[in-house]
Amino acid sequence: MSFASNFNPHSEQAAQRRDAMLARIAQLRALEERAAAASAQSAPVFHKRGQLLPRERVGLLLDPGAPWLPLCSLAGFLQDTKDPEKSVPGGGMLAGIGFIGGVRCMVVASDSGIEAGAIQARGLEKILRVQEMALENRLPFVHLVESAGANLMKYQVEGFVLGGGLFRNLARLSAAGLPVITVQHGSGTAGGAYMPGLSDIVIMVRGRSRAFLAGPPLLKAATGEIATEEELGGAEMHTSVSGLGEHLAEDDREALGLARDIVARTGWQTPQRPVATEPCFDAEDLLALMPPHHREPVDMREVMARITDGSDILEFKPLYGAATVCAQAHIGGHAVGIISNNGPIDVAGANKATHFIQWMCQLGHPIVYLQNTTGYMVGKDSEQAGMIKHGSKMIQAVTNATVPQITIQCGASFGAGNYGMCGRGYAPRFLFSWPNARTAVMGGEQAAKTMQIVAEAGMARKGIPTDTPEVQAQMKAQYDAIVQKFESQADAFHTSGLVLDDGVIDPRDTRAVLAFCLDTVAEAALRQPRAMQFGVARM
């Protein structure tokens with residue numbers, strides 16, 4: 001049934017919330033533009049070499065006008081430097097899902113305009129994440145490579161060890177029957193040489209592509225042998241002598257054209273999208289629905305009404321466990337179940353959600369989680385009613401659900417509510433955050449107050465007075481430090497910088513993002529890749 005909205009988009013409260021959200025969106029776009037601008041500073045060098053910049057390569061590879069879902073654009077934010085005015089996000093690479101020759105693909109490109117494409121710590125996590133997404137959603141993996149490899153000046157042994165997973169995933173993708181196609185735009189040294197080595201098809205560019213286990217400096221240092229880059233790993237050598245490359249292109253444009261042709265010839269064209277009707281309410285309202293500080297209640301059905309087809313929502317057990325909202329609807333023509341929160345998850349809400357998840361699994365409908373909760377209900381009554389065991393049932397249902405699950409962090413994501421609402425640790429197919437979202441084990445003030453109570457109890461046991469000016473000052477300093485620590489880490493830009501989501505999105509784009517993701521999982525269910533015992537071995 002069509003939802004009857006009570007939201008007034010013209011109220012003073014709505015205007016304040018809208019301004020706060022727009023300010024956060026402006027910060028998000030500025031960070032994304034900072035990465036693009038940093039890469040573009042290398043344009044004179046690239047153009048002098050006859051090369052395209054990384055974003056130009058991606059633009060030419062993708063079908064004009066087709067949808068493109070960027071992923072993890074804030075990866076590495078505040079990890080290269082703690083100064084938010086100087087940190088460059090992105091992890092040294094571009095990634096997203098788009099269409100090449102009509103085929104939905106996972107695309108990754110080295111951002112070689114920044115530090116010559118050297119793999120950054122969070123960049124490694126980013127590529128590992130998108131490789132898993134490609135595997136789970138049965139997407140061909142197209143990699144535009146030009147990387148200086150690991151930055152030896154910032155070497156960390158864990159990066160070397162965990163980096164092996166990148167190559168393992170290429171082998172897994174190929175063995176699963178998912179094409180792995182690499183365009184080698186520039187260098188691939190040492191471990192980077194295994195990126196083309198573990199690809200099904202490799203396209204190289206004359207005079208620019210390089211792939212060797214040891215470049216001339218390392219070779220001379222290790223063995224004393226002297227050789228040129230072309231002799232060791234040039235494009236002509238690899239396409240005519242070693243057999244590492246299948247195709248030799250004259251420049252970046254021709255290489256990308258070959259990649260498009262190869263992908264189109266897989267015959268994996270995307271099926272027609274289902275018919276969908278637009279919501280009855282304006283997506284602009286999503287800017288003004290959420291308070292910036294999460295202390296004011298929100299009816300998350302108002303959000304559902306602005307992202308679902310025709311705003312047609314069938315609520316499940318609306319009178320039972322009312323703070324947990326479960327509903328059936330369609331998004332982009334796909335039947336879905338939606339779970340959200342109008343408050344803490346109580347015993348009835350946990351039981352209701354568990355029942356609903358099982359119902360969706362029986363129907364085969366994907367589940368969309370719209371997170372906005374301070375967690376599971378605490379207190380004597382809740383504990384005696386079995387909150388732990390009922391919350392555990394919900395977590396078991398989320399963990400073992402047999403349908404795709406997609407999570408949007410719209411507001412608060414605190415405590416075990418993050419788990420029960422399919423947070424990152426529960427491996428949703430996709431997880432995106434709104435700019436105002438907050439993620440933490442608890443709120444900063446609650447954490448600070450908890451530690452203050454513990455400290456005061458400890459001093460009381462030791463007979464230390466707590467009301468002296470000195471102790472009060474220490475307690476205040478500890479309180480403020482804990483609040484600052486929790487609040488800074490809870491911020492959506494910070495968590496996204498740690499690759500704890502798949503990207504921060506404009507709330508107005510939520511319906512489009514969900515529809516794209518639902519198209520992707522529906523297409524994955526229809527695809528029948530020809531899995532093999534091993535990946536395609538290079539001959």
TODO: Could you tell me whether a side-chain N or O of Thr520 sits under 3.5 Å from a main-chain N or O of Phe516, the two making a donor and an acceptor?
DONE: yes
- [ ] Give me the ring orientation class for Phe316 and Phe356: parallel if the planes are under 30° apart, tilted from 30 to 60°, perpendicular past 60°.
- [x] tilted
TODO: Answer yes or no: is there an ion pair linking Arg55 with Asp111, defined by an N-O contact shorter than 4.0 Å?
DONE: yes
- [ ] Kindly assign one of parallel, tilted or perpendicular to the pair Phe430 and Phe432, based on the angle between their ring planes and the thresholds 30° and 60°.
- [x] parallel
Table please: side-chain donor-acceptor pairs of residues 323-336 below 3.5 Å, with sequence neighbours left out.
residue, atom, partner, partner atom, Å
Gln328, OE1, Trp359, NE1, 3.2
His334, NE2, Asp519, OD1, 2.6

Open item on the list: Can you confirm whether Pro67 sits close enough to Phe99 that some side-chain heavy atom of one is under 4.5 Å from a side-chain heavy atom of the other?
Closed with: yes
Open item on the list: Checking side-chain polar atoms at under 3.5 Å, does Thr439 have a donor or acceptor matched by the opposite partner on Gln409?
Closed with: yes
Open item on the list: What I want to find out is whether Arg438 reaches Glu487 closely enough, with some N-O distance under 4.0 Å, to be called a salt bridge.
Closed with: yes
Open item on the list: Would the distance check show the side chain of Asp346 and the main-chain N or O of Gly349 forming a donor-acceptor pair, the cut-off being under 3.5 Å?
Closed with: yes
Task: Intermediate values then yes/no, side-chain contact (heavy atoms from CB on, under 4.5 Å), Val108 and Leu94 - done: CA-CA 6 Å; Val108 175; Leu94 311 171; over 6 Å; no
Open item on the list: Within the supplied structure, the quantity of interest is the number of heavy atoms (other residues, nucleotides, ligands) at a distance under 6.0 Å from Tyr320 OH; does it exceed 12?
Closed with: yes
Open item on the list: Donor-acceptor pair, distance only, cut-off 3.5 Å: does the side chain of Asp309 make one with the backbone of Pro279?
Closed with: no
Open item on the list: Regarding Ser413 and Asn418, do their side chains bring together a donor and an acceptor under 3.5 Å, going by distance alone?
Closed with: yes
Task: Any Pro84 side-chain heavy atom under 4.5 Å of Leu78 side chain - done: yes
Open item on the list: Tell me if a side-chain donor or acceptor on Asp509 pairs with a main-chain N or O of Ile505 at a distance below 3.5 Å.
Closed with: no
Open item on the list: Taking Val347's backbone N and O only, do any of them form a donor-acceptor pair with Asn351's side chain (distance below 3.5 Å, no angle check)?
Closed with: yes
- [ ] Would you check if Met300 and Gln371 make a side-chain contact, meaning some heavy-atom pair closer than 4.5 Å?
- [x] no
Task: Electrostatic pair Arg129-Asp502, nearest N-O below 4.0 angstrom - done: yes
Open item on the list: Whether the Arg306 and Ser311 side chains hold a donor-acceptor pair (N or O, under 3.5 Å, no angle test) is what I'd like checked.
Closed with: no
Task: Considering all heavy atoms, the nearest Met421-Ile339 contact - done: CE-O, 3.3 Å
Open item on the list: Is it the case that the side chain of Asn341 and the backbone of Gly343 share a donor-acceptor pair, with hydrogens and angles ignored and the cut-off at 3.5 Å?
Closed with: no
TODO: Start with the C-alpha gap between Gln405 and Arg429, add the side-chain angles, then the distance that decides, and say whether side-chain contact (heavy atoms from CB on, under 4.5 Å) holds.
DONE: CA-CA 6 Å; Gln405 300 180 100; Arg429 288 284 189 102; 6.0 Å; no
TODO: Kindly say whether Ala492 contributes a backbone atom to a donor-acceptor pair with the side chain of Ser433 at under 3.5 angstrom?
DONE: no
Open item on the list: Could you check whether Lys476 makes a cation-pi contact with Tyr479, meaning its NZ or CZ is under 6.0 Å from the centre of the six-membered ring and within 45° of the ring axis?
Closed with: no
Open item on the list: When you compare the side chains of Ser5 and Glu302, does any donor N or O come within less than 3.5 Å of an acceptor on the partner?
Closed with: yes
Open item on the list: Less than 4.0 angstrom from a charged side-chain N to a carboxylate O is my criterion; do Lys380 and Glu383 meet it?
Closed with: no
Task: NZ (Lys449) with more than 12 external heavy atoms under 6.0 Å - done: no
Task: side-chain contact (heavy atoms from CB on, under 4.5 Å) between Leu74 and Leu28, intermediate numbers included - done: CA-CA 8 Å; Leu74 294 189; Leu28 170 64; 3.8 Å; yes
- [ ] Keeping the roles fixed (side chain from Asp80, backbone from Pro89), state whether a donor-acceptor pair exists under 3.5 Å.
- [x] no
- [ ] Step through the shown structure and confirm whether more than 12 heavy atoms of other residues, nucleotides or ligands are within 6.0 Å of CZ on Arg29.
- [x] yes
Open item on the list: How about NZ on Lys82, more than 12 heavy atoms from neighbouring residues, nucleotides or ligands closer than 6.0 Å, or not?
Closed with: yes
Task: Check ion pair Arg172-Glu132 (N to O, under 4.0 angstrom) - done: yes
TODO: Report yes or no: do His355 and Lys352 form a side-chain donor-acceptor pair below 3.5 Å?
DONE: no
Side-chain donor/acceptor pairs under 3.5 Å, residues 17-26, sequence neighbours excluded:
residue, atom, partner, partner atom, Å
Arg17, NE, Glu296, OE1, 3.4
Arg17, NH1, Leu289, O, 2.7
Arg17, NH2, Glu296, OE1, 2.5
Arg18, NH2, Pro9, O, 2.9
Arg24, NE, Pro435, O, 3.1
Arg24, NH1, Gln27, OE1, 3.2
Arg24, NH1, Asp491, OD1, 3.4
Arg24, NH2, Pro435, O, 3.0
Arg24, NH2, Asp491, OD1, 2.7
Arg24, NH2, Asp491, OD2, 3.2

Task: Minimum-distance pair of heavy atoms, taken over all atoms of Ser112 and Glu146 - done: OG-OE1, 2.8 Å
TODO: Might you point out which heavy atoms bring Ala43 and Leu53 nearest each other, and give the distance in Å?
DONE: CB-CD1, 3.7 Å
Task: Heavy-atom closest contact (Ile406 atom, Cys517 atom, distance) - done: CD1-CB, 3.8 Å
- [ ] Can you establish whether the number of heavy atoms outside Tyr419 located under 6.0 Å from its atom OH is more than 12?
- [x] no
Task: Asp467 versus Gln472, closest heavy-atom pair with distance - done: CA-NE2, 3.9 Å
Task: Shortest non-hydrogen separation from Phe141 to Ala134 and the atoms involved - done: CD1-CB, 4.2 Å
Open item on the list: Counting only heavy atoms from other residues, nucleotides and ligands, does the tally under 6.0 Å from CG of Asn6 exceed 12?
Closed with: no
Open item on the list: Could you check whether any side-chain N or O of Asp83 sits under 3.5 Å from a backbone N or O of Glu85, counting only pairs where one atom can act as donor and the other as acceptor?
Closed with: yes
- [ ] Ignoring hydrogens and angles, tell me if any N or O in the side chain of Arg511 forms a donor-acceptor pair with the backbone of Ile307 under 3.5 Å.
- [x] yes
Please tabulate, for side-chain N and O atoms in residues 397-404, each donor-acceptor pair with protein atoms closer than 3.5 Å (sequence neighbours left out).
residue, atom, partner, partner atom, Å
Thr399, OG1, Ile395, O, 2.7
Asn400, ND2, Gln396, O, 3.1

